[in-house]
Amino acid sequence: MSNLIKFKIDNKECMAEKGTYIVDAARENGIYIPTLCNMPGVKPKGSCRVCTVKINGRLMTSCTTPVADGMEIESSAAEIQDIRKSIIELIFVSGNHFCPSCEKSGSCELQALGYLYQMMVPRFPYDFPLRKVDASSPKIIKDQNRCIQCKRCIKTIKDEQGRSLFAFRNRGHRIEVVLDKELGLMMTEEMADLAMKNCPVGSILKKEKGFDIAIGRRKYDHEPIGSTIKL
Amino acid sequence: MEKSVKQIIAKYNTNQTRLMDILIDTQELQGFIGKEAVSDIADALNMSQADIEQTITFYHFLSTEPRGKFAIYLNDSAVAIMYGQRAIKETFEKEVGIKFGQVTNDGLIGLFNTACIGMNDQEPAAIINNRVFTKLTPYRVREIVRYMREGKNMDELINESYGDGKNHLPSLKSMVSSNIRRKGMILSDSYIYGSVTKNILPGISPEAVIAEIKHSNMRGRGGAGFPTGLKWEFCRRAKGDKHYVICNADEGEPGTFKDRVILTEKPELVFEGMALAGYAIGGDEGILYLRYEYRYMKEYLEDVLAVMRKNNVLGENIAGIEGFTFDIRIQFGAGAYVCGEESALLESLEGKRGEPRDKPPFPVEKGYLNQPTIINNVETFATAVRIIENGGEWFTQFGTEDSTGTKILSISGDCMFPGVYEVNWGFNVEDMLDMVGAYNVQAVQVGGPSGTLIGPDEFHRTLGYSDLSTGGSMIIFNKQRDLLRDVVLNFMEFFIDESCGSCSTCRNMPEVMKNKLVRILNGNGVKSDLTDLKAWGKVLLASRCGLGQTAGNPIISSLKNFRPLYEELLQKEKEFDQGFDLEASVQQSCRYVKRIPKFHLHE
């Protein structure tokens, strides 16, 4: 326990083991910092930027930055909250996220963050991009309308040889997460389950399955995102 | 053909981290990287095909579809357009009979747009099969297309019209001109390469080299301005199996071309600087990461390296110093501006998409292949040699207190003498404009699109890290230019094309901002649009890398310094514009269903 270090989040004294990522260290100290692309146990990439905090006047992602001794972190300032809300709105308008018809509704992390940040109407105009749905795999549907390019599936779904089933395609505004044609055909039941589970939104869905959890029993129906972390 | 791809894979030892080389060689062999090649590479490297394709589709010059026997990449950057690129584009389309983005049915010619190719002082310019064609005119375009159809080879296409300086050398045979208009310590011919390595290094310790660099106060010449001596010191102290020296020659910031000139005219100085850095940090391997736009220099630079090895300025026990071994290889990018960001460059070097890494850890601790690595700009390495030759104290007499030494500027746009100028830091913009013969100047873009756009009321400002910081790109616009349409919009489109797409902010926000700019340009803007643009731009600051953080700068900076240009375009009487033209939409939908629209709105 000699590796414990002291730091502050919004002036609250906190302690954590050296090298812990800020987002995890915050949780251990009862403070919730919202995340979207981050997944416990998987190397973070800081791609959604939702967990942005301010350290020494600089915006940093708390999922990729380890705590340091004496670090002073700002997380709940209005300015930072507004950046987070902007990012969530930006992700919403850049895809086609129609919650009422989505199988993931109620268990979707993006939707849950939208509620948390009380997003009513996004400040940005909707892009309504033309996106495809790939149903070529016998096991899953990859709906590009809902993909938020978080990279979770790319990082976690691999075959026994360690090859990635999912990968990016193109770059910038035209970027997509695609399923490998060949490996997609050989997807196992377990991989499909895991892929759907790891997708924070409704972009990866198992075929022949949908709306099987009743309203009222979905992930965020009674416990809004982040509410299980308490001081 | 299949066998050849296998040979390429074998040439790079079936090494995943050399995927970029494998892909570039395959692209050059076949003109594209087809399904079969992707499958072969994937099988050999034990990767999925989608994984291989995610690297291919990241880079502008790699393609899964054929690009034509002659692949023509015409620069579409702002300055190219100022110099008549549109006429060139039209002539190409007319002569070839296809649109840009297409390949002729016979597979002979492909036409493609590309971002700034580092030829701003000799536009319009295009890259055809890795050779650069500068100062294009409609006549030349017709001639080039005719030659291609007649089956002439690349040398014949160039008409033996080579550029100045070393560009005529047999290993270059390039139309490019260096256009050096002012020399200082780096471009000077007074230095005889190898003299620091042979005469000074044997008598000075690596620590003393670093101390001298620190004493000189030199800061990185790439734009970020990190103190070079400190970087080297951090890297020397970091523990690792191997330490790497990487030269960032990816200069992709539109309007900069000075690294191309340094590498053409003084490559030995750069390579010697890399070896010097290797000596200082305790590394024996250097890599020059060169943008693919400069592929035409490959043979020339490899010849230079070979001569340097022969002269023992590179190689083993250099200058007789026991254990001082250092060699350099050239790694090419494949068309991605973001790879100029040092951690994206590392990813690309390792054969991956050029997505910037999260920091910390910094490259000096965990860089190339997770080992301690320094990444410096071409100019930084060249400068370091002169510092060690003459001492850190000598160096501080040039420039200003916080910005010591000289800076090589790439100056282009509306001026009499575009080209490369080496000046002392502290130069002011007014003098610069007078130096290059620029009259009736409306604005200067300092530091490229990611920098700032300044007007005459700021021309008294000086170039330096504490005032106008710049990696060297200076673009001048006279009073006839439509800044918002011809410059700001072009720069926004550049950032949209060049985002790696990793961060949600940089992937989406520039597009949102550009759409708003277009709305304003189309006369549909209202006052609140300007407030929105300013506020929305701030969200980009939450991006991971410098590209993302500055991707809104063309709008942010022009809005700050040229606000009246925006205000003139706004609808004065309106507070809100629904952005929807009912009549036009009804007319459009009626056209599709073949009905005649009838409006009752204004009756």
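Here is the naming used below: chain letters follow the sequence lines, and residue numbers restart at 1 for every chain. Since this is a predicted model, take the numbers as computed values, not measurements.
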Go through Met47(B), Arg353(B), Met509(B) and name the one with the most non-hydrogen pairs under 4.5 angstrom from chain A.
Arg353(B)
Of all the heavy-atom pairs spanning Glu355(B) and Lys151(A), show the shortest one and how long it is.
OE1-NZ, 2.9 Å
When rounded to the nearest 0.5 Å, the distance separating CG of Asp159(A) from OG of Ser48(B) is 8.0 Å
Quick check on Ser543(B) against chain A: is it the side chain, the backbone, both or neither that has a heavy atom closer than 4.5 Å?
backbone
Would you mind telling me which of Pro510(B), Ala535(B), Gly501(B) has the largest number of heavy-atom pairs within less than 4.5 Å of chain A?
Gly501(B)
Testing the basics here: between Ile148(A) and Arg507(B), what is the closest heavy-atom pair and its distance to 0.1 Å?
O-NH2, 3.3 Å
Locate the shortest heavy-atom distance separating Pro356(B) from Lys45(A); write the atom from each residue and the value.
O-NZ, 2.9 Å
For Cys503(B), does its backbone N or O pair with a side-chain atom of Ser47(A) as donor and acceptor, under 3.5 Å?
no
For Lys366(B), I'd like to know if atom NZ has over 12 heavy atoms of other residues, nucleotides or ligands within 6.0 Å.
no
What is the minimum heavy-atom distance between Pro125(A) and Val512(B), and which atoms define it?
CD-CG1, 4.3 Å
Of Cys37(A), Gly46(A), Ser86(A), Pro66(A), the largest count of non-hydrogen pairs under 4.5 angstrom with chain B goes to Gly46(A)
Is Lys516(B) in contact with chain A via its backbone, its side chain, both, or neither, using a 4.5 Å heavy-atom distance?
neither
Kindly check if the number of other-residue, nucleotide or ligand heavy atoms within 6.0 Å of CG (Asn56(A)) is above 12?
no
Give a yes or no on whether the backbone of Asn46(B) and the side-chain of Arg163(A) come within a donor-acceptor separation of less than 3.5 Å.
no
Counting heavy atoms not belonging to Lys18(A), are there more than 12 under 6.0 Å from its NZ?
no
Please state whether the side chain, the backbone, both or neither of Pro44(A) comes within less than 4.5 Å of a heavy atom of chain B.
backbone
With Phe32(B), which residues qualify under ring-ring contact (aromatic ring centres under 6.0 Å, His included), at least two apart?
none
Euclidean distance, Gln549(B) CD relative to Arg58(A) CZ, rounded to 0.5 Å
6.5 Å
Enter the distance from Asp51(B):CG to Asp180(A):CG here, rounded to the nearest 0.5 Å.
8.5 Å
Residue Ser164(A) versus chain B: region with a heavy atom under 4.5 Å
both
Side chain, backbone, both or neither of Arg123(A) within contact of chain B (heavy atoms, under 4.5 Å)
both
Is the number of heavy atoms from other residues, nucleotides or ligands within 6.0 Å of CZ (Arg131(A)) greater than 12?
yes
Determine whether Gln54(B) and Arg169(A) make a side-chain contact, defined as any pair of heavy atoms from C-beta on separated by less than 4.5 Å.
no
So for atom NZ, which belongs to Lys527(B), do other residues, nucleotides or ligands contribute more than 12 heavy atoms lying within a distance under 6.0 Å?
no
Contact class of Asp497(B) relative to chain A, heavy atoms under 4.5 angstrom:
backbone
How many angstroms lie between atom OG of Ser504(B) and atom CZ of Phe92(A), to the nearest 0.5 angstrom?
13.0 Å
I want to check something: taking the side chain as every heavy atom from C-beta on, are Asn508(B) and Gln149(A) in contact at a cut-off of under 4.5 Å?
no
List the atom of Thr57(B), the atom of Asn170(A), and the distance in Å for their closest heavy-atom pair.
OG1-N, 2.8 Å
SG of Cys506(B) to CZ of Arg49(A): how many Å apart, nearest 0.5 Å?
10.0 Å
Which portion of Gln161(A) sits near chain B, non-hydrogen atoms under 4.5 angstrom:
both
Over 12 foreign heavy atoms within 6.0 Å of CD, Gln118(A)
no
Part of Ala336(B) lying under 4.5 Å from any heavy atom of chain A
both
Part of Gln49(B) within contact of chain A (heavy atom distance under 4.5 Å):
both
Are more than 12 heavy atoms, taken from residues, nucleotides or ligands other than Phe98(A), located less than 6.0 Å from that residue's CZ atom?
yes
Does this structure show an ion pair linking Lys181(A) with Glu53(B), if we count only N-O contacts that are shorter than 4.0 Å?
no
How far does CZ of Phe168(A) sit from OG of Ser502(B), to the nearest 0.5 angstrom?
6.0 Å
Got more than 12 heavy atoms from elsewhere within 6.0 Å of NZ, Lys207(A)?
yes
Closest heavy-atom pair and its distance - Arg171(A), Tyr59(B)
NH1-CA, 4.2 Å
